[in-house]
Every structure is written in C-alpha cells, then in structure tokens.
Amino acid sequence: MATTQNFTVSNSWTRIASGRADGQVVKIEGAGPFNLAVTVGSKSIPPTIAPLTGHRIDGTTDLPLVAAQHLWASAATSTNLTVT
C-alpha cells in the first residue's frame with residue numbers, strides 16, 4: 001500500500017522521498033511549479049546545485065527511485081506537494 005505525504009516547499013531543498021532496495025515509483029503532484037533533484041548517498045545532504053535549478057515540473061510526474069537515491073524539491077514560491 002502506498003503512503004501519501006504532504007510537503008510545503010519553497011526556495012530551499014526539501015527531501016520528499018527516499019528509494020527502497022527493491023525500488024519504487026514515486027508520484028509527485030504540485031499545486032504550482034516546482035523543481036526536483038535526485039541525490040545518491042546520505043539522505044541528510046541536500047543537492048549541491050542551487051534551489052530552483054534541477055528538473056522543473058508543473059503539475060504531476062512519476063519518478064522511479066532505488067536504494068540510496070533521495071528526491072528533493074524546491075519552488076520559487078511556497079508550493080504544496082503531495083507525494084505517493
């Protein structure tokens with residue numbers, strides 16, 4: 001069963017999901033435009049690229065994550081995200 005979490009992101013990186021050993025597809029729905037970045041390794045170390053760079057999304061997207069991958073989000077203005 002998928003777990004749904006809500007996040008409010010702004011102009012800094014917020015970790016919104018982490019991969020599992022067997023992999024998973026994460027669905028992200030945004031109330032406005034937002035940016036995504038994926039890191040590998042420690043879940044406490046945000047991306048080294050500046051917020052608002054990364055992959056720009058406007059709406060909904062699905063991304064596969066595995067093992068030590070972590071998904072981060074940022075937005076130019078405060079935006080609500082639903083992650084399943």
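The model shown is predicted, which means the values in this text are computed figures rather than measured ones. Keep in mind that the numbers below use all heavy atoms, side chains included, and drop hydrogens, waters and symmetry copies.
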Calculate, to the nearest 0.5 Å, the distance between atoms CD and OG1 belonging to E29 and T82 respectively.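 The distance works out to 6.0 Å.
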Keeping [X] on the side-chain end and [Y] on the backbone end, is there a donor-acceptor pair under 3.5 Å?
| X | Y | value |
| --- | --- | --- |
| S10 | A75 | no |
| H70 | G19 | no |
| T53 | P51 | no |
| Q24 | S18 | yes |

Could you tell me which non-hydrogen atom of L52 sits nearest to which non-hydrogen atom of A76, and how far apart they are?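 In this case the closest contact between L52 and A76 is CD2-N, 3.3 Å.
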Looking at every heavy atom in both A37 and W13, which two are closest together, and how far apart are they?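 A37 and W13 have their closest heavy atoms at CB-CH2, 3.7 Å.
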My understanding is that only residues two or more places apart in sequence, or in another chain, count here; which of them pass side-chain hydrogen bond (donor to acceptor under 3.5 Å, both in side chains) with N80?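 Residues passing side-chain hydrogen bond (donor to acceptor under 3.5 Å, both in side chains) with N80: T8.
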How is the hydrophobic cluster of L36 composed, in terms of its other members, when Ile, Leu, Val, Met, Phe, Trp and Tyr link through side-chain heavy atoms under 4.5 Å apart, directly or indirectly?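 Other cluster members: F7, V9, I16, V26, I28, F34, V38, I57, L63, L65, L71, L81, V83.
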Please walk me through it: do T39 and W72 pass side chain to side chain donor-acceptor pair (under 3.5 Å)? CA-CA 8 Å; T39 60; W72 301 77; 2.9 Å; yes
Heavy-atom side-chain contact between R15 and P46 under 4.5 Å: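 They are not in side-chain contact.
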